Amino acid sequence: MALAATFAKTSRLFSRWYGRLFSRNPYPLYRFLRRRYPVLRTPVGFWIVTRYADAYNILRDRRTSTFDLSALDSFPPDDGLRSMQVLLRPAIQFRFPPDHTRLRRVMAGAFSPASLEAMRPRIQAIADRLLDAAQARGSMDAVRDFAFPLPIEVLRALMAVPERDRGKLAEWVRSLGGSIDPAASANDPGALVRESIGTAKEYFCALAAERRKNPGEDLISLLVEGQARGEVASDDEVACNAIFTLVAGHETTMNMLANGTLAMLQNPAQADRLRADPALIDSSVDEILRFESPAQITFRTAIERIEVGGRTVPAGDHLIVIMGAANRDPDRFPDPDKFDIARPDNNHLAFAGGIHRCIGEPLAKLEGQIAFETLLRRMPKLRLAGGGYEWRRTMVLRGLTRLPVAF
Ligand code: HEM
């Protein structure tokens, strides 16, 4: 118990300072850890892993499981992350087989090649509409006016949420999105998080009831059909997985779009290269995901004793896998701090790996491909505007609060 309380306190303090000190540029710290302490045991039984080979193996190792959420039980009751537990416990990412396997089977239909092809013209229309509005206005904050709304509209399509409820989705991603990051949630009381989870659950339970009467091809319909077959346990499981997908699919995609726009603006020769050769769009999106990974960190728990980089991690200990550090490991990526949109053999870990590897990966990549192709084509003079950009003070997530651009 004493250890648990120490863990809560240390983790709050650490996350707060981490956000302040390293969120602008975590890469020198990652380099130091990779070189000097590639497998670092913290006093509270968390192991920090930064090298590509170790991260790759841990993510795929069946002797590790998804993060055991009971580690958060000792957090103060007003902590945002602890308040998220009620949403996260039934969610796919924190389930173990066979529960994880059945949920993954049910949800996979929403990300099939056929579903994605149906999404393509919708994503194109969303990107064009947002850029039409920016061009009509004559100004753009690439976060507020492009990276934030684009994935909301895509998720709205994925779940067939009516247009009139777009504002609700925006409100929930704002209040719940940052809470999955300890550096952000440690600073915010969890009251707003709990309230948002309550209203979002009510909303998605009602939407599920409506889809039972009028089923479609969307993710909510797939979940209620799964429930009818006995593959989804309850209304709560339907609602929590819908909300989790909303948050997981928004935060990360928003950050990919903002981080990628900044990377292109800071590397204008690479942006021109992509304009001249649009066939490079797939490798450009992969390079953006490697270079400024939207999810820097994921967690695992050892279910058996395992060896990591020559050290022994006992069963029950937790692993902090820093994908953002692995993706800059010079032993895996030559010249890793260079942004190279044609980088060959770019098997980055931005979507993690193993059974929990991001289910939304093909959709996210499609969003990135359409968004960047459209942005660079429609705005050939895109450049940073005055006012400056700002990194979010986060640790798990990597993204920007604002990115004013001129075009
Ligand atoms: C650039 C965008 C994205 C990035 C970088 C990203 C990253 C990740 C990562 C790292 C994980 C795995 C965590 C782990 O293994 O511990 C994950 C899981 C997940 N992601 Fe994504 N994601 C993105 C977009 C999306 C989208 C668009 C959706 C859905 C619309 C989505 C839904 C999910 C879900 C449901 C899981 C849990 C999968 C499971 O546990 O089986 N993600 N994502």
Side-chain angles (χ1 to χ4, degrees), residues 10-42 44 46-56 58-59 67 81 143 147 177-187 251-267 286-300 309 318-333 335-340 343 346 348-352 388-403:
T10 319
S11 134
R12 256 196 160 182
L13 201 68
F14 175 76
S15 324
R16 220 172 267 167
W17 278 101
Y18 186 96
R20 272 185 213 164
L21 295 175
F22 300 112
S23 56
R24 252 178 242 116
N25 181 9
Y27 300 111
L29 172 67
Y30 292 168
R31 194 176 308 128
F32 172 76
L33 289 173
R34 257 190 336 255
R35 280 190 193 148
R36 297 288 301 275
Y37 304 103
V39 183
L40 175 66
R41 187 183 188 280
T42 65
V44 288
F46 271 62
W47 297 73
I48 300 174
V49 177
T50 41
R51 285 189 179 158
Y52 181 92
D54 294 332
Y56 181 95
I58 288 168
L59 293 170
F67 182 59
L81 195 56
V143 175
S179 296
I180 54 180
D181 191 297
S185 61
N187 301 320
E251 269 293 324
T252 47
T253 310
M254 168 176 74
N255 293 341
M256 168 184 69
L257 297 179
N259 300 356
T261 305
L262 180 63
M264 290 290 178
L265 293 172
Q266 291 178 325
N267 297 274
D286 272 315
E287 180 65 347
I288 287 165
L289 289 161
R290 181 197 71 83
F291 188 70
E292 291 289 14
S293 306
Q296 293 275 300
I297 294 177
T298 192
F299 300 85
R300 291 289 187 269
H318 308 287
L319 295 140
I320 300 178
V321 182
I322 309 192
M323 286 119 44
N327 284 340
R328 298 275 191 130
D329 185 344
D331 288 342
R332 177 60 184 78
F333 301 102
D335 209 353
D337 298 326
K338 184 174 159 201
F339 180 64
D340 173 6
R343 184 178 285 277
N346 195 352
H348 58 75
L349 301 179
F351 295 105
Y389 61 87
E390 188 180 58
W391 288 103
R392 297 168 71 185
R393 286 189 174 179
T394 40
M395 183 163 72
V396 170
L397 304 165
R398 179 148 180 80
L400 296 156
T401 55
R402 60 193 158 91
L403 177 58

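In what follows, every heavy atom counts, from backbone to side chain, and hydrogens, waters and symmetry copies are set aside. Small disclaimer: the values here were computed from a predicted structure and weren't measured.
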Partner set under salt bridge (Lys or Arg N to Asp or Glu O under 4.0 Å) for Arg51, not counting sequence neighbours: none
Is a side-chain N or O of Asn259 found less than 3.5 angstrom from the main chain of Arg398, in a donor-acceptor match? yes
Is the shortest heavy-atom distance from the side chain of Glu292 to the side chain of Tyr27 under 4.5 Å? yes
Counting N and O atoms only, with roles assigned by atom type, does the side chain of Arg343 sit under 3.5 Å from a partner on the main chain of Asp286, one being a donor and the other an acceptor? no
Is it true that, when you exclude Arg35 itself, more than 12 heavy atoms of the residues, nucleotides or ligands shown sit nearer than 6.0 Å to its CZ? no
Return the CD1 to OG1 distance between Ile58 and Thr298, rounded to the nearest 0.5 Å. 11.0 Å
Check Gly388 against Arg402 and note the closest heavy-atom contact, atom names and distance. O-NH1, 2.9 Å
Among residues at least two apart in sequence or on other chains, which ones pass salt bridge (Lys or Arg N to Asp or Glu O under 4.0 Å) with Glu251? Arg392
If I compare all heavy atoms of Ala147 with all of Leu257, which pair ends up nearest, and what's the gap? CB-CB, 3.7 Å
Minimum heavy-atom distance between His318 and Phe67, given as atom pair plus value: ND1-CE1, 3.6 Å
Can you run down the side-chain hydrogen bond (donor to acceptor under 3.5 Å, both in side chains) pairs that involve residues 320-332, sequence neighbours left out, and say none if there aren't any? Ser293-Asn327, Arg328-Asp337, Arg332-Asp345
Could you report the tightest heavy-atom contact between Leu289 and Ala350, atom names first, then the distance? O-CB, 3.6 Å
Distance from Thr261 atom OG1 to Leu400 atom CG, nearest 0.5 Å? 9.0 Å
Any donor and acceptor pair, going by atom type alone, linking the side chain of Glu287 with main-chain N or O of Asp340 inside 3.5 Å? yes
Identify the heavy atoms of Ala258 and Val143 that sit nearest to each other, and give their distance. CB-CG2, 3.9 Å
Which label fits Phe46 and Phe299: parallel for a plane angle under 30°, tilted from 30 to 60°, or perpendicular past 60°? perpendicular
Set of residues satisfying ring-ring contact (aromatic ring centres under 6.0 Å, His included) with respect to His348, sequence neighbours excluded: none
Can you list everything that forms a salt bridge (Lys or Arg N to Asp or Glu O under 4.0 Å) with Arg300? Sequence neighbours excluded, please. none
If you draw a 6.0 Å radius around CZ in Phe339, do more than 12 non-hydrogen atoms from other residues or ligands fall strictly inside? yes
Working to the nearest 0.5 Å, report the span between CG of Asn255 and CD1 of Ile288. 12.5 Å
Could you grab the distance from atom OG1 of Thr252 to atom CZ of Phe351, nearest 0.5 Å is fine? 8.0 Å
Are Pro336 and Arg290 packed together at the side-chain level, in the sense that at least one heavy-atom pair is separated by less than 4.5 angstrom? yes
Between the main-chain N or O of Arg393 and the side-chain N or O of Arg20, is there a donor-acceptor pair closer than 3.5 Å? no
Test ring-ring contact (aromatic ring centres under 6.0 Å, His included) applied to Phe22 - qualifying residues, sequence neighbours left out: Tyr18
Atom pair CZ (Phe291) and CG (Asn346), whose distance is rounded to the nearest 0.5 Å: 12.0 Å
CD1 of Ile48 to CG of Leu33, rounded to nearest 0.5 Å, is 6.5 Å
